[in-house]
**Q** 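Below: one structure in structure tokens.
Ligands are counted one by one from 1 in listed order, and the atoms in each one are counted from 1 as well. Nothing here was measured: the structure is a model prediction, and the numbers come from that model.
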Amino acid sequence: MDIHIEPTPRLPMYPQQKTLKASDILIEQICQAYTPDDARRDSIYYWPQPLPTPEAHILPDPLVLFQGEPKASGKARQTLIPLTIQEILHRAPHESQKPSMQIPLGLIDKPESQQQETLVVDLHGSRGALTGGPLLLLGALNSGKGTALQTLLLWLTARYRPSQLICAVIDPNHDLELFRGLPQLAHTGKSLWTDGATDDEVIQLSNYCLELIAQRRKRYNSQRWNDDTFHQLWNTNEGLPIFLLIVSQYQRFTERPMASQALKKLIFSCAEARALGAYTVITAAEVGMRHLSADLLNKISTRISLFINEQQRAEFFGRIYPMDPIPGRGLLVTQDRQAHHIQLALPVMGANETERYEQLKYALKQIHWSQQR
Ligand SMILES: Nc1ncnc2c1ncn2[C@@H]1O[C@H](COP(=O)(O)OP(=O)(O)OP(=O)(O)O)[C@@H](O)[C@H]1O
């Protein structure tokens, strides 16, 4: 039976600035008179700080992946990594190399324990299914899916050199187009980025990636693969790079049988080759069997939902959790089956999208330069 789904409404990109209520002013005054430090000394814990919230007119970039240049950081932004991208680039070649697919993506709120922790997504998921593995990022238009992919790929391309990471990207919205120039998005001279405008492009890229995975299996066909084998081979300088597949806006292909069949085959093959160092990230704007079939969802062990409408929330989570239409704000159900609010980080700072575009371009240039040396 076909389930009818209302199209997701476009999220407001510039929310109205909130007017202050009397209670806000009172709270502000109490906080000034009796600071959190005073309260802690009296063994009283304040409500935890709310997650950093992007407000288009006040602080559109409150949470960022890397620290910025000292002069650029005027307002109080939080960063996930207490280092600049240059510092990461400088450190990467000297680190004891372990192909970690643990990626810092944002903050996770745990109000019951008065904590906010770094949200680290583990694409390898070595401690069993619910600890990671293939990632699905679900969210309505303008909820922050493309930006999350930029944050994820910026982290990985800064950490891993082209000999260590091969990344195939299907990107209909061109969210990752700036990354196209990086050698990590090519293999033996062939670009591994496509917007998938034609079925042929999708099929060609899928077949190429399937062949890469098949070669990997063949090359080590006598190997008994377990969760640690890839790490061990990496350490013995076998020259086995991480293979990452990113399929953005998966729902865009579901009405195209040839393209969706090719993509599904590739996603399945990639998900099954996790022990061989193949990882998968998918974004989608629609739930429902028509878009994300049960067999595909079964392959995906980490599911993050950015803002989606109530009906989709009921369908995705089996119940309606409250959610705010804030870019990068979402929900993650953790191993203990608890739903937690999360805020994803921007890849780079910038007061608006144009500034962030330029900053990202600059960050990618730095990656390119440093890895060419
Ligand atoms: N974590 C975030 N913090 C602050 N702003 C964000 C965050 N994520 C996204 N945004 C802003 O929200 C807007 C929409 O983001 P984005 O394009 O990533 O959404 P999307 O889900 O990919 O949208 P679409 O499905 O329409 O392509 C952009 O202006 C972006 O800069």
Side-chain angles (χ1 to χ4, degrees), residues 5 7-15 50-66 68 75-81 103-109 116 118-119 121 135-155 169-179 195-197 246-254 281-287 291-292 303-309 312 316 323-332 341-361 363:
I5 298 163
T8 314
R10 181 165 272 274
L11 296 176
M13 288 190 52
Y14 296 103
L51 285 168
T53 302
E55 297 244 9
H57 302 295
I58 308 169
L59 195 57
D61 53 351
L63 183 65
V64 185
L65 178 60
F66 297 120
K75 289 188 196 162
R77 293 170 181 87
Q78 243 176 292
T79 59
L80 290 187
I81 307 294
I103 305 165
L105 268 194
L107 290 178
I108 179 162
D109 203 24
Q116 261 172 31
T118 305
L119 166 68
V121 165
L135 167 69
L136 170 68
L137 269 163
L138 181 69
L141 291 176
N142 282 325
S143 57
K145 303 178 295 297
T147 307
L149 288 182
Q150 292 174 345
T151 305
L152 179 141
L153 202 51
L154 183 66
W155 171 256
V169 178
I170 293 131
D171 182 21
N173 272 14
H174 294 227
D175 292 311
L176 299 174
E177 192 165 8
L178 279 180
F179 291 78
D195 63 5
I246 298 181
V247 182
S248 175
Q249 305 279 350
Y250 182 78
Q251 82 288 345
R252 297 269 289 268
F253 298 98
T254 45
V281 177
I282 303 170
T283 73
E286 301 284 348
V287 261
H291 300 285
L292 292 167
R303 302 173 190 182
I304 289 181
S305 173
L306 298 172
F307 185 79
I308 47 177
N309 69 22
Q312 297 211 349
F316 192 62
M323 263 185 143
D324 294 318
I326 296 169
R329 180 67 53 89
L331 269 179
L332 172 71
H341 285 272
I342 56 169
Q343 177 64 41
L344 301 186
L346 285 165
V348 286
M349 288 179 194
N352 52 50
E353 251 184 283
T354 317
E355 267 185 33
R356 291 201 284 271
Y357 179 85
E358 291 304 324
Q359 288 286 338
L360 183 60
K361 211 154 95 180

**Q** Enumerate the atoms of ligand 1 whose separation from the nearest heavy atom of Thr147 is less than 4.0 angstrom.
**A** 8 (N), 9 (C), 15 (O), 16 (P), 18 (O), 30 (C)

**Q** Can you tell me if Gln343 contacts ligand 1 (heavy atom of the residue under 4.0 Å from the ligand)?
**A** yes

**Q** Can you tell me if Glu286 uses its side chain to pair, donor with acceptor, with the backbone of His291 under 3.5 Å?
**A** no

**Q** Using a strict cut-off of 4.0 Å, indicate which atoms of ligand 1 neighbour a heavy atom of Leu344.
**A** 1 (N), 2 (C)

**Q** Considering the heavy atoms of Gly146, write down every atom of ligand 1 situated less than 4.0 Å from one of them.
**A** 18 (O), 20 (P), 22 (O)

**Q** In terms of atom number and element, which parts of ligand 1 are under 4.0 angstrom from non-hydrogen atoms of Arg356?
**A** 30 (C), 31 (O)

**Q** Return yes if some donor-acceptor pair links the side-chain N/O of Glu355 with the main-chain N/O of Ala351 below 3.5 Å, else return no.
**A** yes

**Q** Between Glu353 and ligand 1, which residue portion shows a heavy-atom distance shorter than 4.0 Å: side chain, backbone, both, or neither?
**A** side chain

**Q** Output the list of atoms in ligand 1 that are nearer than 4.0 Å to some heavy atom of Asn173, sorted by atom number.
**A** 24 (P), 27 (O)

**Q** Once you restrict to heavy atoms under 4.0 Å, what part of Pro60 touches ligand 1? Side chain, backbone, both or neither.
**A** backbone

**Q** Quick test of your reading of the model: are Arg356 and Glu353 salt-bridged, counting only N-O distances below 4.0 Å?
**A** no

**Q** Might you work through the side-chain contact (heavy atoms from CB on, under 4.5 Å) test for Ile282 and Leu137, ending with a clear yes or no?
**A** CA-CA 6 Å; Ile282 303 170; Leu137 269 163; over 6 Å; no

**Q** Please name all residues satisfying side chain to side chain donor-acceptor pair (under 3.5 Å) with Thr118, sequence neighbours left out, ordered by chain then number.
**A** none

**Q** Using a 3.5 Å cut-off on N or O atoms only, is Leu141 in polar contact with ligand 1?
**A** no

**Q** Please identify which atoms of ligand 1 are closer than 4.0 Å to at least one heavy atom of Ala140.
**A** 21 (O)

**Q** Over all heavy atoms of both residues, which pair between Leu105 and Leu80 is shortest? Give the atoms and the distance, please.
**A** C-CD1, 3.5 Å

**Q** Could you tell me, atom by atom, which parts of ligand 1 come under 4.0 Å of a heavy atom of Pro54?
**A** 3 (N), 4 (C)

**Q** Can you tell me if Asn352 uses its side chain to pair, donor with acceptor, with the backbone of Thr354 under 3.5 Å?
**A** yes

**Q** By number and element, which atoms of ligand 1 are closer than 4.0 Å to a non-hydrogen atom of Asn142?
**A** 14 (C), 19 (O), 20 (P), 21 (O), 23 (O), 24 (P), 25 (O), 26 (O)

**Q** Checking the side chain of Asp109 only, and the main-chain atoms of Leu51 only, is there a donor and an acceptor separated by less than 3.5 Å?
**A** no

**Q** Should Ser143 be listed as contacting ligand 1, given a heavy-atom distance under 4.0 Å as the test?
**A** yes

**Q** Which pair of non-hydrogen atoms, one from Pro54 and one from Pro62, has the smallest distance, and what is that distance?
**A** N-CG, 3.5 Å

**Q** So, does Ser248 sit close enough to ligand 1 that a heavy atom of it is under 4.0 Å from the ligand?
**A** no

**Q** Under 3.5 Å, which donor-acceptor pairs do the side chains of residues 148-155 form with other protein atoms, sequence neighbours left out?
**A**
{"unit_1": "Gln150", "atom_1": "NE2", "unit_2": "Asp175", "atom_2": "O", "d": "2.8"}
{"unit_1": "Thr151", "atom_1": "OG1", "unit_2": "Thr147", "atom_2": "O", "d": "3.1"}
{"unit_1": "Thr151", "atom_1": "OG1", "unit_2": "Ala345", "atom_2": "O", "d": "2.9"}

**Q** May I ask whether Gln150 places a heavy atom under 4.0 Å from ligand 1?
**A** no

